Each structure stands twice: as structure tokens, then as C-alpha cells.
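Input: a single structure, listed below in C-alpha cells.
All figures in this text were calculated on a predicted structure; none of them were measured in a lab.
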Amino acid sequence: KEARRSRFTERREAYIGLLDAYHRVARENSPESRLNFGYWELRCRLVASEDVMKAINAYAEAVPSGGELPPENRTVTEATI
């Protein structure tokens with residue numbers, strides 16, 4: 001039971017960190033924010049389910065090498081700022 005709780009906690013931390021990093025890249029798009037996203041992406045790869053990995057990979061393919069999301073992949077708020 002403890003091992004299951006530990007896996008859940010690790011996944012939760014990794015997913016929250018990844019979402020935070022994604023938001024930061026969308027806001028700042030700095031080298032530091034992209035490195036931070038890479039860290040959390042790697043951490044998620046260690047603990048994520050196959051479905052979560054598909055979603056992470058889809059995001060990675062949608063973002064050009066410069067890190068900025070194309071307008072069609074932004075949220076309404078990001079696209080209108």
C-alpha cells in the first residue's frame with residue numbers, strides 16, 4: 001500500500017511540475033523556462049503512463065525548436081494577449 005501511495009505522489013509531483021513548466025514556457029519562452037520544461041518532461045517519462053506519454057509527445061511535436069507555440073495550439077487567453 002505504501003509503495004502505491006509513493007508512486008501516486010511521484011506521478012502527481014511530476015505532472016504538476018510539467019504543467020507548471022508548460023505554463024511558464026507559454027508565458028516567458030526563455031531558455032531557462034525551456035530547460036525547466038525539459039527537466040519535468042524527463043521526470044514524467046520516468047513515471048508516466050503510456051497515455052500521458054502520448055500527450056507529452058504530442059505537445060513536443062507541436063512546439064517548434066524555438067519553444068513558442070503556434071497560434072492554433074495556444075489557449076484563447078494566450079493567443080489574445
Side-chain angles (χ1 to χ4, degrees):
K1 208 171 191 179
E2 186 62 33
R4 188 174 176 174
R5 180 172 287 160
S6 179
R7 282 192 304 271
F8 172 80
T9 301
E10 180 64 30
R11 283 182 173 178
R12 184 184 64 204
E13 288 175 5
Y15 299 159
I16 290 171
L18 183 69
L19 290 173
D20 237 10
Y22 170 78
H23 177 71
R24 193 169 159 197
V25 167
R27 242 186 19 238
E28 298 173 19
N29 191 23
S30 67
E32 181 182 331
S33 66
R34 290 191 300 274
L35 283 172
N36 187 51
F37 180 83
Y39 166 80
W40 286 106
E41 180 183 13
L42 178 60
R43 192 161 166 192
C44 283
R45 288 183 187 280
L46 296 172
V47 298
S49 68
E50 188 175 326
D51 288 339
V52 171
M53 286 312 308
K54 286 179 185 176
I56 291 170
N57 290 334
Y59 169 78
E61 291 172 6
V63 178
S65 61
E68 186 171 327
L69 288 170
E72 64 274 11
N73 291 349
R74 297 180 189 170
T75 64
V76 174
T77 304
E78 293 169 342
T80 58
I81 291 179

Q) Arg43: what forms a salt bridge (charged side-chain N to carboxylate O under 4.0 Å, His left out) with it, not counting sequence neighbours? A) Glu10, Glu13
**Q.** Heavy-atom pair with the smallest gap, counting every atom of Phe37 and Ala21
**A.** CA-CB, 3.6 Å
Q: Would you name the heavy atoms of Tyr15 and Cys44 that are closest together and state the gap between them?
A: CD2-SG, 3.7 Å
Q) Quick one: does Asn57's side chain have a donor or acceptor within less than 3.5 Å of a partner on Met53's backbone? A) yes
Q.
With heavy-atom distances below 4.5 Å as the criterion, would you say the side chains of Tyr22 and Leu18 are in contact?
A. no
Q | Sidechain-backbone polar pair: Ser6 side chain, Glu2 backbone, donor-acceptor under 3.5 Å | A | no
Q.
As a test of understanding, state which of Arg11, Arg5, Arg4, Arg12 forms a side-chain contact (heavy atoms from CB on, under 4.5 Å) with Phe8.
A. Arg12
Q: Working to the nearest 0.5 Å, report the span between OG of Ser33 and CG of Asp20.
A: 12.0 Å
Q. Out of curiosity, does Val52 fall in the hydrophobic cluster containing Tyr39 (side-chain heavy atoms, cut-off under 4.5 Å, transitive links)?
A. yes
Q) Does Arg45 have any salt bridge (charged side-chain N to carboxylate O under 4.0 Å, His left out) partners at least two apart in sequence or in another chain, and if so, which? A) Glu41
